[in-house]
Each structure stands twice: as structure tokens, then as C-alpha cells.
Amino acid sequence: MGSKKRNSNAVDEAEGLVDDTAAHNVVVSSPLKKKVKKNKRKDGEVTDGDADSVPDSVKPMERQKKRKAMDKERHHSALQQKESQPQQQQPKPKTEEAQALVASSSGRGFPEFHIGVFKDLALADVSLRQQAAESLVIELREVQKAYESVEKDLDESGPKLEAEKDDGLNDCAPSLRYAVRRLIRGVSSSRECARQGFALGLTLIVDTIPSIKVDSLLKLIADFLEVSSSMKGQEVRDCLLGRLFAYGALARSGRLIKEWNSDKNTPYIKEFISLLISLAAKKRYLQEPAVSIILDMVDKLPADAFLSHILEAPGVHEWFEGSNEVGNPDALLLALRIREKVYVESEKFGKLLPNPFSPSKLFAAEHLSSLVNCLKESTFCQPRVHSVWPVLVNVLLPDTVLQAEDAALVSTSLKKHKKSRKSSSSEEEIVKNFQSFCEIIIEGSLLLSSHDRKHLAFDVLLLLFPRLPASFVSIVLSYKLVQCLMDILSTKDSWLYKAAQYFLKELIDWVRNDDVRRVSVIIALQKHSNGKFDAMTRTKTVKDLMSEFKTESGCMLFIQNLMNMFVDEGNASDEPSDQSQTTDDNSEIGSNGEKDSMGTMGTPDFLKSWVIESLPSILKHLKLDVEAKFRVQKEILKFLAVQGLFSASLGTEVTSFELQEKFRWPKAATSSALCRMCIEQIQLLLANAQKVEGSHSLANGPEASDLGSYFMRFLSTLRNIPSVSLFRSLSDEDEKAFKKLQEMETKLSREERNCGLSTDAIKLHALRYLLIQLLLQVLLRPEEFSEAASELIMCCKKAFAVSDLLDSSGEDDLDGDVTPNLMDVLVDTLLSLLPQSSAPMRSSMEQVFKYFCEDVTDDGLMRMLRVIKKDLKPARHHNAEGEDDDDDDDDDLFGIEEEEEVDETEMGETGESDGEQTDDSEAVGGVEEAGKELPEDSDDSDGGMDDDAMFRMDTYLAQIFKEKKNQAGSETAQSQLVLFKLRVLSFLEIYLHENPGKPQVLTVYTNLARALVNPKTVEGSEQLGQRIWGILQKKIFKAKEFPKNETVQLTTLASLLEKSLKWASKPFKRKKSAANPSKKKQSASLKRHKMINSLAQNSTFWILKIINTKKLTDSELQRVHDIFQGVLVGYFDSKKSQIKSEFLKEIFRRRTSIGYHLFGFLLEKCRGAKSVFRRVESLDLVMEILKSLVPFISGKGSLVTSTRNLKAHLRNLSLLIKELVTNMPEKQSRRTEVRKFCGKIFQMVSSHKLTKSFLKDLPDDSDAACQSQLGEVYLNLKKACQEK
């Protein structure tokens, strides 16, 4: 056991001794006496005082004595070295390494050899290791050179480093022999980078010193690094790795190549290869590096040496023979690499390579099946990919293959219905080999196996990407691979999730700048996932890839592939449905749980529906010039029209000689759902095209870039083909409407071209697109739009009274006395289309309304407004018991009266409750507002509508009311009504934008405000209320223009002003029954109250702005002033008035004339206010008016005017101050406000030199109160008056 333990720890013991003596720069140059070796053996190989190496038979006392003796000897040796005695020292009982360290022979003139370099060979720094190895070689070469020049007799009589050993290094100097032995032992050390450094040193020594014989070196490696049966674990591993590094050093030294060059029959190469093969068989982790060493030899040896030395080495043939069964990827790697270098009969490699060898036979299904085990076992080196895979990829896809494949693919794909080019035999062979490799190795073995092998499959595919032609993408991204990716990515906690993510990322990077690759990847992913790759993987892979098309050619290629996917029968439904083969255990959880949630995503038509939706979406991010984009739009439009509108009665292909194009349909009839989807996408495509079209397109005519005109011509052409018919048969009414719409669109198109760039051309263009949308709607929803189509056609005829538009039959002509107004009919038609129209059709309708709304009549406008105010619920009647006795019948806003009771909180004498109620955020109690319609002044009542109006309203809402009756509840009807109102609001918003200064704006404002205030109108839809409020703010209150026409009567404005001010005065209310409202209801009520209060305030400012533009008489002005005077009366006297003082201040600031007129009345009401709070709060109103009434401006004119104005109200101001100081508020904050107000008045009076008059008007009994309450401010005023 002692010798075996010493073997494994020899390097560490030597390194320990180096650490002790390196500082003394001990050198070795001459051999010691043989006596040293004998003494060492006699001492039982006790090393360095190690107690563990003393034989166990020695008693403890004797062991202690020997240790003490060795300590004394070491101490004595150290003293001798310090004294620098050059004489030969006495040998000590140390090991061979210790004796080498203490030897010196400088007297004989040998070169010095510093053994400290061995320590540097184990450092982590590469540069330091290289320097140490170079230094070692230089010194040993000098030592060996000196040794060889010395006579033999001197060498034999002189001292020696070691005793004679049968190690085969007889021609080597003792230092060299020691270095070789130590380097061999060092490669087995696991300390830091010892293996790398010692192997480097051994490589350089063997390469540069020919005295070291190969057979001796192989023998030393086997002896020093022999694995015995008693070794375990780390010891075995160190020895095996040491042998591997030692063999690697020998191979890289080039000595074996030199031996072969000198002797072609040298046995050392065979022996070396045999030893490596034997070593590789011991452990799996030694197999690949051992083969790597052999390959290093293969690269250096000439081809002649392969057969006679490598393949004929003992054990090699047997190793190749058993590789298929055990699964040895390294044997396959070696066979392939040798086969690359020189032609060798394949029998030499057993069954690894086919005989005769060729790529087609190597990748044949039968042969690949025999290699499955070898390739499966290559996963042991993960995460690194085994070296056999790059070699296989080189054979599978040579660098020179298919260089023009991608360019040819683009050209052939864009040539429709042409046979693809004939591939050369070599290309066909490569395609066949690649397909066989993917099916058998990737899909048939790796993807069906463990997680590690699935990971390996992704890694191998990544190796293929750099040289993979785009035409091979469909083979790589097969059904099984895509399903495997979906299963893994559907669950984040899957073991392979990050690997799949990385694969997907690399795949996207690979297609980044190549449209051909991008198209191939998108098609493969969607085809094998049934169009739901993004949905299942929770990524945006396909969406992002589709958004990156930048060129017309790329878009056309993608469109062509989508068309082929739609028409061809070979879709994903033909693939096997067994997904469990590619599903790992973790991902099964997510995939199974999503099956129910996907709904129709699992149906066969889902992939086709994805194709239909994807075609128009290509244009979303596409930035092309107008002509290129129009060509892309045409291709999409033709495909959607062919698949959605038509079907072929004879076969699946039809050729149009007029268009010189062939059209194809799927063998199975397209479902009606897919046809409807195609029509919807056509509508969307036309609507988007209409939005981006400008006047430049009209100038060039419909033929240039008018997609609508192109669609109608294409539609007519296909309808004229006998074997092509519409996808559904039309009723007589729909067929008639369809033809009329076609004829009218043709006539309008002709008229549009004749009009050039006039306004009529824009109107005609909008009408044409609406006709096209309506034509598609007739196909989409049969028997619903034929009547509306007839009315719209009539509007077109009346709008443009041209001879060719009026040449229809007399059935459309009406008697002139009963013919309704054109715009009334158009508005009715548009409103009747709104409830059931699609989004693209509504867009076209809005365009038509935008260009015709200038001529909308008041009657047409009121029809739209009635829709906004319409409610499905019956009107509620007044509850006599629930009404507030203090409310008058006219105390409402726009005819809407509140039913709720005022909060019972009473205002105290100090007015604290009033102060709290002025802040909406502090309002107490919940509110659930409800409205009440007044039949006598409300347009909501149907009683005010004549028979024709009722009939039209029924036309708009018939479907909604019908649905309400059929439903158990009214939620569906109510939601449809809300949706209808939102659509009508879009029309009203357009009207206000196009006609901002018309008197009709006041009508729109009145009705919208009434609808917003009435809770029944916006009940159940916060969106509707917000939309109305937004239109009022942006299009009315904040509009740059407003009604200035003299036709707007002051009585109307005054009535609206009075109602707005009354609503702004209303308090926050709640129902008596709502004692404990929920927080949600209370919050909603408070929010609604704030919105209505804001509406009232903005309405007041807007109405005052309109009034200010009118030239009013004194009596008319007095009426306006009386309204505000009444507001002030309620502000001071009524508990229910909650009008904000800030609101009144803003009115007086914007309209100073109102403040001037009401100033005296305000002072009087402030002086007599019942509430102290109101009195103090109103002081701000007084000061606001005084700022404009008595400005502090120097100059004679303004000063005179200011003095006159102030003097006129001096008496009332003095009385107000007397009232304030006499009845001083109790709260300190309010007292401060009073003192501040009085100080400002005193300053104003003093600056205008009215102090004497002011004090004269001040009552005598208030002097003492002023002195006590105002102090210095008042006394200074009196003092200034006395001085003057």
C-alpha cells in the first residue's frame, strides 16, 4: 500500500519540496553516489519525515525517535546551505526528489537545471506556463548536450542523481531522466492546471531531445500511470487522464511521425494506436479525446501510413466491428475522417460505412437506421455538440451545393402555374439524403427519445442553418418538429423551454434579412400547427416575421405561398395526429389544458381562416411606393374575390382569356363561413384603400390606383365566365339590387372621371365606395339590404342629375309634389344601414356623410338626435310623494328633472355645512340619479313625431325592438341600442367638425346635453356618456368657431343660460331609499355629479360667448343680468344652491359687464347674508369685480374713471365693512379673510383719495368695532385722513 500511495502522491510530494527549496536557487548538475540509493532503500523509503510512510511494524516510541533524528538532520542541512559550503554534502535519508533538490556539481562544470520551473508549469496563467515549459526545455537541452560530451568513465565514476534503473533512458542525463519521470507523474495531478502545463513540457522535451526513446517513454507511461485494482474513484480518474494527456503529448510532439519517416515499418505507431484504443474502452469520457489524438495523428501522417499502421493496429478492427451495437459515435467520427483523407475499403470500418462508400448510400434509410445507436449516444458530451455531427453535416450539405437555389426559388414561385425547373441529379440526391436524415435521425430517433436527445436535435439543426437552402426549410420544420416546439413552449416550466426558445431565436435571426427564408419558415410553422403557432406557444413569432416584409418581391412570394396553402389539399390535417411522440412530460400539462380553450382553432378550416386574415395584414407594416403597393393590393383582392365570391362548376381550375390568368379552387368546396370571411376582408381592404387614397389618385383616374374600380371590373369579368358562379344563389330582390348597384357604380365612375379634381368628384368617389360596400353586404347578409340599396341608388340619381344617371325605368321616379328632400332620404338611408353594417361599411358611410353633411336639413339632424335620446324603457311618471315641494316645474336642465331628495344636512348659522358641500370630494351619502321626462318640453317623447318620422324611427330601430321582444331580458336590445347610438354619434361628430359655426350647432348641443344629463339615456354604458361628453367638450365648447348667426334668438340663449346656471347650483343628492349605498354606486354617482356640474359650467361660458357676439338692446341685456341676479339671490338665500364661488368669479372675470351691473346688488346681498360662511366667501366675488371696476393704473383718465366708479359704491362698501366688523366670524381663518378684505378696501380708498368720504359714510357706531377688530389698519387710515 505504501508504494501505491506514493505513486499517486509523488507529484504533490515533489511540489512540496520545491516550495521549501526554491528560495535558495538550488541547482542540479551532477550525479550522486550510489550510496544514496542504497541508504534510501535501507531507510524503508521514509519521505520527508512523513509518519504515514513509516512501516506499521515499528513501535510508537521508535517512530518518535526516528522523527526527531530526521528533524535534526534537516536542521543541519539548512545550516550547511546558509554557510554556502561548496563541498559535497553527506547524503540524507530522503526520497529521490529530495536528493535531486540538494545535489550540486558545479565543480565539474555541468549546466545548471532549475527545478523550480515545475511549480510554474501548474499555474493557471497560460503565458506563465509557456515560459516555464520553454525554460525547462532550454535547460534540459543544455544539460543533455553537456552530458553527451563527457566521457563515459567520468560519468560512471562521478556521483549520480539516481540509482541505476531499467527505464530505457540510458542515454539521457540524470536531470533529463528525472524531468521525464516527473513530467509523466505530473500529468496525473488534478492540481490547478498541472495536466496542461506538464503535458506541454513533455511535448516540447520529447520533440526537441531525440535521446528520449519512444519505446522507453511508452513503458514509463504504462508503469507510472498504471491503474491497480486497489485504486478507487479519484485515483483511477487521475491515472487515466494522466495517460490520456501523456499520449496526447507524445502525439503532438511529432516523434511518431519522425519514427515513421526514418523507418516505414516502425512498430511504435501501431503500439501507440492500440494503447489509445485500449484506453478509450475503459471509460466513456476518454473515448472522444482519445479519438481526437488519433485524428491529430491522421492529419500529420501521410496517406500511406493509414492502412499499414493505424487501421492495422491491434484492437482497431474489433473496435470498429462492435461500434454499431454498443453505439460508438467516436468510431464513426474516426471512420468518416479517415475516409475524407484517403480512399479505404469500407470493410475496414466494420458496418459503420457503406461499401462502396457514397453520400447517397451513407444517408440511405437502411444504413442510417444502423447508425442510430451511435448518434444517440453522442449526447454524453452535452451541452457541447459531439464532433461527429459537423462532419456529417459537411457530407450532407457540401459548401458548393445549391448556391443559386434561393434565387431560383423566388423566380419560379413568382411565375404562376409554371412547372418548376428541373433539378440536376446531384441536387435531387442531396434533397433525398437530407430528407432521409431528418426523417430517420431527427424525427425518428432524437425527437422520440429523452430530453437530452431532443436538445441534441435542436443543436444539430442549428448546425445546419448556416448552409441550409430555403427550399429545405419545409423538410427541417416538419410536422413532428413543429409539434415538439409547440408542446415545449406551451409550458414555461418545461425542462427544454430555454432550449426551444433559443432555437426559435436563432431561427428568426437566420431569416432576418432573407424574404425567401422568412416565407418558408412562416408557411412551415403555420401549416404544421394548423395556423395557431403563436397562440399555442404564447409568442409573437409568426406575427413578427410577417411584419418584417419590406420588398414587393417578398410580399408577392408570401402571397403566392399563402394561396397555394389555401388551394392545395396537402395541409396539416393530413399529418399524423399522435402528438404524444414528440411531447415531453412537462409540456403535456399545458397542451392538454388548452384544447378546450382554443375552440374552433382545432377545426380544419382554421388554417384557411388564418390565410384569409393574413393576406390583408401584410399591408399593415408595408412601406412601398403607391404603384408597388397597389400591385400587392390587387393580388390580395383577386384571391379573396375568387375564393370568397365565386365557385367553379366544372373542375377546380378556370382560365380567363380576358385577364389572361388561371384561377384555382380547392377540391373540397369552401365553407360558407370562409366565404363570409373573405368578403369581410375584401371590405376591410377596400376601406383601408379608401382612407389612404388622396386627390392624386383621383387625378390619375380610377384605372391608376383605384382599388374599388379594379374590383368592380374584376367582379364583372368573372361573372361573365359561364363556368363560374357566385358562391350562393341570390333571391330576385337581391339579384335586382346587385345588378343595380353594379350599374350605378359604373355610371358614377364614368362621371367621376369627367369631373376631374372638383368637389363633386370627391363626393362621387365616396358614393362609389359605399355602393361597393353595400354590394358586398348584400352577398354577406342576404335579403336585408335590398331596400336600402334601392334608396341609396335613388339618392345617387338625385344628387347628380345627369342624363345617364336618370335613364332608369319610371318605377324610381316620384311625383314632384311628394318627393322628399334628398338629404333627408340620404340620412334616413344611412341611419337604416347603421345598426347591421360592418366596420368597413361604416367607414364608407362616414366618408359619404362627411362630404354631404353641409346640406343636411334640420329635420335630418333631429332624426339623428332622436336616436341619441331614444330609450327602450318606458318613461317613468312623477311620484307625487317623492317630489320636493321646493322644486318648481321649471327647475330642470333641458327638460330633465331630478327626483332625488336633497341631503338632510342643514346649514348652520356659521355656514360650516355649506363650506363642506361646496367640495365634491367631501359630499356625504351615495347618489343614484334618475331622470324624468317632461312630455310638454321634451323631444324624447314620441308624441311630437309625425307619422313619417315614426315610420323612419321604426326603420332604424325595428330590429332592435324585435330582438327585445324575443329575448327573456333586455340586455341584448339595450346593448345594441347603445352600439347604435355610438355609431350615430360618429355622424354628429363629423357634422360638428365640418359645420362649426352654423346655428344648428346649438341644436346639437341642446340635445346632447339633454341626453347626457338624462340618466336613462346613458344608463348601463359609461362609454356612451364619456363619448357624448367628449364631443361636447372638443367639438363645441373648445371649438375655435361657434354660432354667430343672428338667427339665434336671445330668448333661446337666455333660457339655456338660466337652466345651465340652475344645474350648476344643484347640490349633490341621493334617494331617501339609498340609506347605505355601496361604495361603487356612491363613487359612480359622485363622478356623474361632477361631470354634470362641469357640463353646466362649460355651457354657461359657451353661451355667454355667443351672447357677447350679439348686438343687444338695453332691455335684452337687462334680461341676462336678471338671470345672474336671480343666481345671486339663490346663492345667498337658499340652502339648496350649491353654486361654486370660483365659478361665479370666473364669470365676472370673463364678462366684466355683468360684474359692473351686479356690483351694487352683490354688496347689498353680502351685507344681508344669513350665513356667515356665504358672507365671507362672497368677499372674493366683491374683490374680483373691484379689480376690473377700479384698476390700479396710473394716468389721469383711468384714475378718474376708477375714482368715479369707486365713489359710486363707497356707501355700500362702508356699510359692508360695518356689518363685517360688527358680526365678526368665530373661526380664526374667516376673521383673517375679513381683515384682509378690509385692508384691501382701505388701501384702495386711500390710493384714490376717498378716505374722508369713506369715513364719513361709515356709521358712527362702527368706529369702536373697527378699532377693536381691525386695529392698526383702521387707525392708520384715520390718521392719514386727519393729516390731510
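If you read the sequence from its start, that first residue is 1, and numbering goes on from there. Fair warning: this is a prediction, and the values are worked out from it, not measured in the lab.
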Minimum heavy-atom distance [X]-[Y], with the two atoms named:
X: T1251; Y: S1246; result: OG1-CA, 3.5 Å
X: I1123; Y: A1054; result: CD1-O, 3.5 Å
X: Q1097; Y: N1093; result: NE2-OD1, 2.8 Å
X: L1181; Y: S1141; result: CD2-O, 3.5 Å
X: S1137; Y: G1130; result: CB-O, 3.2 Å
X: S1060; Y: I1103; result: OG-CD1, 4.0 Å

Sequence-distant partners of E994, salt bridge (Lys or Arg N to Asp or Glu O under 4.0 Å), two or more places apart:
none
Please identify each residue that fulfils salt bridge (Lys or Arg N to Asp or Glu O under 4.0 Å) with R1211, with sequence neighbours left out.
none
With rounding to the nearest 0.5 Å, note down the distance linking [atom1] in [X] to [atom2] in [Y].
X: R1175; Y: N1223; atom1: CZ; atom2: CG; value: 5.5 Å
X: K1165; Y: Q1125; atom1: NZ; atom2: CD; value: 9.0 Å
X: F1101; Y: L1057; atom1: CZ; atom2: CG; value: 11.0 Å
X: C1266; Y: I1217; atom1: SG; atom2: CD1; value: 7.0 Å
X: L1277; Y: L1255; atom1: CG; atom2: CG; value: 5.0 Å
X: L1032; Y: E989; atom1: CG; atom2: CD; value: 11.0 Å

Establish, yes or no, whether the cationic atom of R1230 lies under 6.0 Å from the six-membered ring centre of F1173 and within 45° of the ring axis.
no
NZ or CZ of K1044 within 45° of F1042 ring axis and under 6.0 Å:
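Because its charged atom sits under 6.0 Å from the ring centre and within 45° of the axis, K1044 does stack over F1042.
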If the condition is side chain to side chain contact (heavy atoms under 4.5 Å, CB included), which residues does S1083 pass it with, not counting sequence neighbours?
none
Under 3.5 Å, side chain of [X] to main-chain N/O of [Y], donor-acceptor pair present?
X: K1110; Y: V1048; value: yes
X: K1035; Y: L992; value: no
X: N1205; Y: L1189; value: yes
X: R1231; Y: P1225; value: yes

Evaluate side chain to side chain donor-acceptor pair (under 3.5 Å) for T1051 paired with R1119, printing each intermediate quantity in order.
CA-CA 9 Å; T1051 54; R1119 181 174 181 183; 5.2 Å; no
Within the 6.0 Å centroid threshold, strictly below: F1143 and Y1131:
no
More than 12 heavy atoms of other residues, nucleotides or ligands under 6.0 Å from [atom1] of [X]: is that the case?
X: Q1118; atom1: CD; answer: yes
X: K1087; atom1: NZ; answer: no
X: K1105; atom1: NZ; answer: yes
X: D1260; atom1: CG; answer: no

Are R1167 and E1164 within salt-bridge range, i.e. N to O under 4.0 Å?
no
Report yes if some heavy atom in the side chain of L861 is under 4.5 Å from a heavy atom in the side chain of L988; otherwise report no.
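Yes - at least one pair of side-chain heavy atoms lies under 4.5 Å apart.
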Could you walk me through whether K869 and N1014 pass the side chain to side chain donor-acceptor pair (under 3.5 Å) test, one step at a time?
CA-CA 9 Å; K869 298 184 296 181; N1014 186 358; over 6 Å; no
The test is side chain to side chain donor-acceptor pair (under 3.5 Å); show your working for Q1000 and Y1005 and say whether it passes.
CA-CA 9 Å; Q1000 285 80 4; Y1005 151 74; over 6 Å; no
Does the pair S1094 and N1098 meet the rule for a side chain to side chain donor-acceptor pair (under 3.5 Å), with working shown?
CA-CA 6 Å; S1094 178; N1098 283 279; 3.2 Å; yes
Residue pair T1006, R1010: steps toward the side chain to side chain contact (heavy atoms under 4.5 Å, CB included) verdict
CA-CA 6 Å; T1006 305; R1010 182 179 300 167; 4.0 Å; yes
Using the six-membered ring wherever Trp is involved, compare the ring planes of Y1274 and F1242 and label them parallel, tilted or perpendicular (cut-offs 30° and 60°).
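Y1274 and F1242: tilted rings.
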